Amino acid sequence: MSEEKTKQQYTDIEKEQIFDKEFLPHISSMYNFAYRLTFDEDDAKDLVQETYLKAYRFLNSFQQGTNAKAWLFRILKNSFINDFRKKSKQPSKVDYQEVEAFYNSESVDVSMTTDLRVETVQHMIGDEVSSALNALAVDFRTVIILCDLEGFTYEEMAKILDIPIGTVRSRLHRARNLLKEKLQAYAKSMGYNK
Amino acid sequence: MATNLLDWLRQSFSGQNDCEKCLELLELIMDGEASPEEEKLFHKHIDACLPCYETYNLEASIKKLLQTKLKRKQVPDDLIQKIRSKIRSTA
């Protein structure tokens with residue numbers, strides 16, 4: 001919010017420099033995020049392209065030296081919700097409000113009981129992890145991607161997702177428990193545990 | 001909120017044990033969001049508490065699993081070119 005107060009006036013050369021040096025280096029992260037949201041290579045490409053075009057168009061509201069990656073992720077996430085989800089082949093089953101209404105509270109629920117074992121987890125392969133992650137509703141999948149794969153801080157996630165940090169924490173906690181359930185079910189079906 | 005949490009941690013950890021509070025800190029620790037003092041208290045607790053230690057290991061192993069086993073997709077070769085030409089045509 002506070003960083004939106006000053007608009008920059010960049011020259012065309014400056015714009016190109018910012019675009020090349022601050023925005024393009026994140027294209028791999030952006031593309032992978034887009035793919036994990038849409039599950040479709042063409043959709044992911046469109047989403048990334050749309051994000052970069054918007055970033056360029058609104059470049060004057062970007063302050064050089066601030067967190068370009070978080071800014072780009074925020075645009076991508078908004079594009080996905082506003083324009084993309086409607087036409088996407090993978091409509092989300094759960095919507096933000098529903099999700100929040102379901103478990104929104106200040107205190108993070110601490111129950112983490114599971115009989116999943118570290119050794120089992122260590123033996124899992126990429127495809128198993130991927131399908132467990134992909135089986136989560138998009139809002140839960142998103143916080144895990146942002147935190148664990150992209151390494152954003154809670155504060156950055158709050159800005160990207162437009163939610164308070166407390167909600168970031170509770171959503172992340174819930175997402176992790178759901179992911180654990182999926183991994184657990186997977187381990188059971190493969191006869192890893194017991 | 002942070003100072004309250006610390007006060008309450010100091011109290012609870014100075015006493016016997018408090019696994020619940022330890023678990024509440026767990027994700028902060030794992031995500032690098034805890035303060036140095038919180039980290040100290042947390043590690044002091046899990047050094048002495050096997051169930052919490054195991055829970056922490058499991059959570060950390062899942063995070064590591066995500067970071068190491070998920071395949072990243074290669075960016076399509078023509079994507080950057082496409083973006084550039086789109087920008088040029090609309091600028």
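Keep in mind that what you see is a predicted model, and the values were worked out from it rather than measured. We use all heavy atoms of the structure for the numbers below, so side chains are in, but hydrogens, waters and symmetry mates are not.
Only the side chain of A/N32 comes within less than 4.5 Å of a heavy atom in chain B; its backbone stays farther off. Using a 4.5 Å cut-off between heavy atoms, B/Q67 contacts chain A through both its backbone and its side chain. Heavy-atom distances place the side chain of A/R36, and not its backbone, under 4.5 Å from chain B. For chain B, no part of A/E128 is nearby; none of its heavy atoms comes within less than 4.5 Å. For A/L24, the part sitting under 4.5 Å from any heavy atom of chain B is the side chain, from C-beta outward, and nothing else. Both the backbone and the side chain of A/Y154 come within contact range of chain B, judged by heavy atoms closer than 4.5 Å.
For B/K73 and A/Y31, the positive end is not near the middle of the six-membered ring at less than 6.0 Å and at most 45° from its axis.
Using a 4.0 Å cut-off between a side-chain N of Lys or Arg and a carboxylate O of Asp or Glu, A/K21 and A/E14 do not qualify as a salt bridge. Between A/K69 and A/E150 there is a salt bridge, with a side-chain nitrogen of the basic residue lying less than 4.0 Å from a carboxylate oxygen of the acidic one.
Using cut-offs of 30° and 60° for the angle between ring planes, the A/W71 and A/F62 rings count as tilted.
A side-chain donor-acceptor contact under 3.5 Å links A/S79 and A/K54.
The choice from B/K71, B/K63, B/E33 that makes the most heavy-atom pairs within less than 4.5 Å of chain A is B/E33. Highest contact tally toward chain B, considering only A/A44, A/S29, A/A132, A/G151, is held by A/S29 [criterion: heavy-atom pairs under 4.5 Å]. If you tally non-hydrogen atom pairs under 4.5 Å between each of A/I125, A/L179, A/D20, A/I145 and chain B, the highest count goes to A/D20. Chain A forms more heavy-atom pairs under 4.5 Å with one residue of B/D78, B/L79, B/N57 than with any other, namely B/L79.
Put simply, the side chain of B/E38 does not reach to within 4.5 Å of the side chain of B/F42, judged on heavy atoms.
One finds the CG atom of A/L183 at 6.5 Å from the CG atom of B/L65 (value rounded to the nearest 0.5 Å).
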